[in-house]
Amino acid sequence: MSAPRPVTSGPMAAAAQGAWRGAAPRRRRSAARRPRPGEAEPDTEPEAALRRLREAGEDLLVSDFWGSALETINKCLTKHLEQLKAPVGTLSESLGNLHLEPSPDESDVVPGSIRGATLLTGACHWKCVCYGIGNFSTCVIARNQLTFLLLFLEKCQIPRSHCWVYDPLFSQLEIAVLNTLGVIVLSENEEGKRSVCGERTIFYMLHCGAALYNNLLWSNWSVDALSKMVVIGNSFRGLEERLLTRILQKNYTYIAKILKGLEEHEFPQTSQYADVFNDTSIHWFPVQKLHQLSAHTWAFREEPDYQDCEDLEIIRNKTEDPSATDSNSL
């Protein structure tokens, strides 16, 4: 499958550069504030959407939540990298000031091009997949979630060209904005069925349906694959608490089976971003815990179908093209 190429020149690229250039800190605003007049209407120009993303980034950077969230992520990634025996650099210095710059192509985000320390250094290279971010041109919550993702990519020195995003609800304007920002917009609804293909991969999936997480686990159901994954999304423990045991085990089998094979760190909760990152955790899968799961657990590999599942909170891929190329490889 061929993905749309990022726009690296022209008016939209110029808008992206203006939208992500560092600016002086501004007075904090509530992330859950009521929309301004007209905000409920979709932006009609990419420049307007980029400007709102810039403003959201300025607010996030001066918030208490940003630093606390980075500390939570840093704690998890440190353990994860120790497990993989990867160089972690000076992680104690990883929470330095972030300098916002546009990265319409990979040359702008190579190691050393970002001022201040980063979360990850050395030979550890990550890729990122984002599902379900929503309509960020109209929704304040989605806009803040996308803003966090962009800042997170900068902090981890993950080139935006190594970040894949998809939401079946994206408008053409939103796709154009994402292309301008340099991330890769997938053209096919994978339903979360994407393998890490041996690559260290961070999945960013906020407020997604349980089936999406279940599909992701099924697609990577092995010790090797899961040990290379990090999932930022709905709390798996929260899913366990909210769903009846029989429903969890029947409809979301892989979530039920992995609960004993993961570690979870809750995101901090602040009133400013209460509706944006509520019930959000970062999950990783320690090899030691994975090896403690039974052989029967790993032997079961049936693909989820959800035929008898009520209230399925994902949009299914209803089109199948046998001639289409495989889009499941990063």
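If you're wondering where the values come from, they're calculated on a predicted model, not measured in any experiment.
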S.K.: Tell me, do Phe277 and Thr270 make a side-chain contact under 4.5 Å, heavy atoms counted?
M.R.: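 Of all side-chain heavy-atom pairs linking Thr270 with Phe277, none is under 4.5 Å.
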S.K.: Tell me whether Thr297 contacts the main-chain N or O of Leu293 through its side chain, where contact means a donor paired with an acceptor under 3.5 Å.
M.R.: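 Such a contact is absent between Thr297 side chain and Leu293 backbone.
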S.K.: Find the distance between CG (Leu178) and CD1 (Ile184) and round it off to the nearest 0.5 Å.
M.R.: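 Between atom CG of Leu178 and atom CD1 of Ile184 there are 10.5 Å.
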S.K.: Are Lys193 and Glu303 close enough for a salt bridge, meaning some N to O gap below 4.0 Å?
M.R.: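 Here Lys193 pairs with Glu303 in a salt bridge, since their nearest N and O are under 4.0 Å apart.
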S.K.: Do NZ/NE/NH1/NH2 and the carboxylate oxygens of Glu199 and Lys228 come within less than 4.0 Å?
M.R.: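 Looking at Lys228 together with Glu199, the answer is no, because their closest N to O distance does not fall below 4.0 Å.
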S.K.: Assess the residue pair Glu154 and Leu150 against the criterion (side chain to side chain contact (heavy atoms under 4.5 Å, CB included)); give the C-alpha distance rounded to whole Å, side-chain angles, the decisive distance to 0.1 Å, and a yes or no.
M.R.: CA-CA 6 Å; Glu154 295 278 0; Leu150 294 170; 5.9 Å; no
S.K.: Yes or no on side chain to side chain contact (heavy atoms under 4.5 Å, CB included) for Val129 and Leu216, after CA distance, side-chain angles and deciding distance?
M.R.: CA-CA 11 Å; Val129 178; Leu216 177 65; over 6 Å; no
S.K.: Taking atom CD of Glu191 and atom CH2 of Trp218, what is their separation to the nearest 0.5 Å?
M.R.: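 CH2 of Trp218 is found 10.0 Å from CD of Glu191.
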S.K.: Is a side-chain donor-acceptor pair under 3.5 Å present for Glu264 with Ser281?
M.R.: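 Result is yes, a qualifying pair exists.
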S.K.: Between Ser137 and Leu173, does a side chain to side chain contact (heavy atoms under 4.5 Å, CB included) hold up when you go through it step by step?
M.R.: CA-CA 8 Å; Ser137 67; Leu173 179 140; 4.3 Å; yes
S.K.: Taking ring-ring contact (aromatic ring centres under 6.0 Å, His included) as the cut-off, I'd like each qualifying pair that reaches into residues 222-248, sequence neighbours left out, listed once.
M.R.: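 Every ring-ring contact (aromatic ring centres under 6.0 Å, His included) pair that includes a residue of residues 222-248, provided the two are not neighbours, is Tyr213-Phe236, Phe236-His283.
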S.K.: Do the two ring centres, one from Trp298 and one from His291, sit under 6.0 Å apart?
M.R.: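 No.
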S.K.: Go through Trp221 and Phe300 one step at a time and tell me if the ring-ring contact (aromatic ring centres under 6.0 Å, His included) criterion holds.
M.R.: CA-CA 9 Å; Trp221 199 243; Phe300 183 86; 8.7 Å; no
S.K.: Ion pair present between Asp279 and Arg237, side-chain N to carboxylate O less than 4.0 angstrom?
M.R.: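 Not counted as a salt bridge, because no side-chain N and carboxylate O are separated by less than 4.0 Å.
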S.K.: Can Asn135 and Glu174 be counted as having a side-chain donor-acceptor contact under 3.5 angstrom?
M.R.: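 Judged by distance alone, the side chains do pair up.
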S.K.: In Å, rounded to the nearest 0.5 Å, how long is the span from CD1 of Ile232 to SG of Cys76?
M.R.: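 Interatomic distance, Ile232 CD1 to Cys76 SG, rounded to 0.5 Å: 8.0 Å.
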S.K.: Would Tyr131 and Glu190 count as a side-chain hydrogen bond (donor to acceptor under 3.5 Å, both in side chains) here? Give the steps.
M.R.: CA-CA 9 Å; Tyr131 292 129; Glu190 302 173 337; 2.5 Å; yes
S.K.: Answer whether the closest heavy-atom distance between the side chains of Ile158 and Lys127 falls below 4.5 Å.
M.R.: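 A side-chain contact under 4.5 Å is absent here.
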S.K.: Does a side-chain heavy-atom distance below 4.5 Å link Ile282 with Val231?
M.R.: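 Ile282 vs Val231: side chains apart.
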S.K.: Answer yes if the side chains of Tyr306 and Asn215 hold a donor-acceptor pair under 3.5 Å, and no otherwise.
M.R.: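 Yes.
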S.K.: Supply the atom-to-atom distance Phe152 CZ to Cys163 SG, rounded to the nearest 0.5 angstrom.
M.R.: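 If I round to the nearest 0.5 Å, the distance is 9.5 Å.
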S.K.: Take the angle between the ring planes of Phe148 and Trp66 and call it parallel below 30°, perpendicular above 60°, tilted in between.
M.R.: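 Perpendicular.
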S.K.: So, are Glu58 and Arg54 salt-bridged, with charged N and O less than 4.0 Å apart?
M.R.: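 A salt bridge is present here (some side-chain N lies under 4.0 Å from a carboxylate O).
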S.K.: Has Asn220 got a side-chain atom pairing as donor or acceptor with Arg194's backbone, closer than 3.5 angstrom?
M.R.: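 Present.
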S.K.: With the threshold set at 4.0 Å, does a side-chain nitrogen-carboxylate oxygen contact exist between Glu55 and Arg51?
M.R.: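 Salt bridge: yes.
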S.K.: Could you tell me if Glu188 and Tyr166 have a donor-acceptor pair between their side chains, going purely by distance under 3.5 Å?
M.R.: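 Judged by distance alone, the side chains do not pair up.
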S.K.: With heavy-atom distances below 4.5 Å as the criterion, would you say the side chains of Leu217 and Phe285 are in contact?
M.R.: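 Yes. Closest side-chain heavy atoms under 4.5 Å.
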S.K.: What is the distance from atom CZ of Phe267 to atom OG of Ser235, rounded to the nearest 0.5 Å?
M.R.: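 Reported value, rounded in 0.5 Å steps: 12.0 Å.
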S.K.: Within a reach of under 6.0 Å around CD of Gln269, are more than 12 heavy atoms found that belong to other residues, nucleotides or ligands?
M.R.: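 Count over threshold, so yes.
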S.K.: Begin with the C-alpha distance, continue with both residues' side-chain angles, and end with the deciding distance and a verdict on side-chain hydrogen bond (donor to acceptor under 3.5 Å, both in side chains) for His207 and Asn278.
M.R.: CA-CA 9 Å; His207 298 174; Asn278 60 303; 3.0 Å; yes
S.K.: I'd like to check Leu181 versus Arg160 (side-chain heavy atoms, cut-off strictly below 4.5 Å). Are they in contact?
M.R.: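 With C-beta onward as the side chain, the pair touches.
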S.K.: Any idea how Phe65 and Tyr273 line up, ring-wise: parallel (<30°), tilted (30 to 60°), or perpendicular (>60°)?
M.R.: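 Tilted, since the angle between the ring planes falls between 30° and 60°.
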S.K.: Treating Asp275 as the side-chain partner and Ile141 as the backbone partner, does any N or O pair qualify as donor plus acceptor under 3.5 Å?
M.R.: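 A pair under 3.5 Å: no.
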S.K.: Using a 3.5 Å cut-off and no angle test, enumerate the donor-acceptor pairs between side-chain atoms of residues 243-258 and protein atoms at least two apart in sequence or in another chain.
M.R.:
residue: Thr253; atom: OG1; partner: Gln249; partner atom: O; Å: 3.0
residue: Tyr254; atom: OH; partner: Glu302; partner atom: N; Å: 3.0
residue: Tyr254; atom: OH; partner: Glu302; partner atom: O; Å: 2.6

S.K.: Main chain of Val287, side chain of Gln83: is a donor-acceptor contact present, judged purely on distance under 3.5 Å?
M.R.: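 Yes: the side chain of Gln83 pairs with the backbone of Val287.
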S.K.: Spell out, as yes or no, whether a donor-acceptor pair under 3.5 Å connects the side chain of Asn144 to the backbone of Val140.
M.R.: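 Confirmed, Asn144 side chain pairs with Val140 backbone.
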S.K.: Going from CG on Leu186 to CD1 on Ile175, what distance comes out if it is rounded to the nearest 0.5 angstrom?
M.R.: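 Spacing of CG (Leu186) from CD1 (Ile175) equals 10.5 Å.
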S.K.: Start with the C-alpha gap between Leu149 and Cys128, add the side-chain angles, then the distance that decides, and say whether side chain to side chain contact (heavy atoms under 4.5 Å, CB included) holds.
M.R.: CA-CA 10 Å; Leu149 172 65; Cys128 182; 3.9 Å; yes
S.K.: May I ask you to decide if Ser227's main-chain N or O and His80's side chain share a donor-acceptor pair within less than 3.5 Å?
M.R.: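 Present.
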S.K.: Would you say the side-chain atoms of Arg143 pair up with the backbone N or O of Leu53, donor to acceptor, closer than 3.5 Å?
M.R.: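 The answer is no, because no donor-acceptor pair under 3.5 Å joins these two groups.
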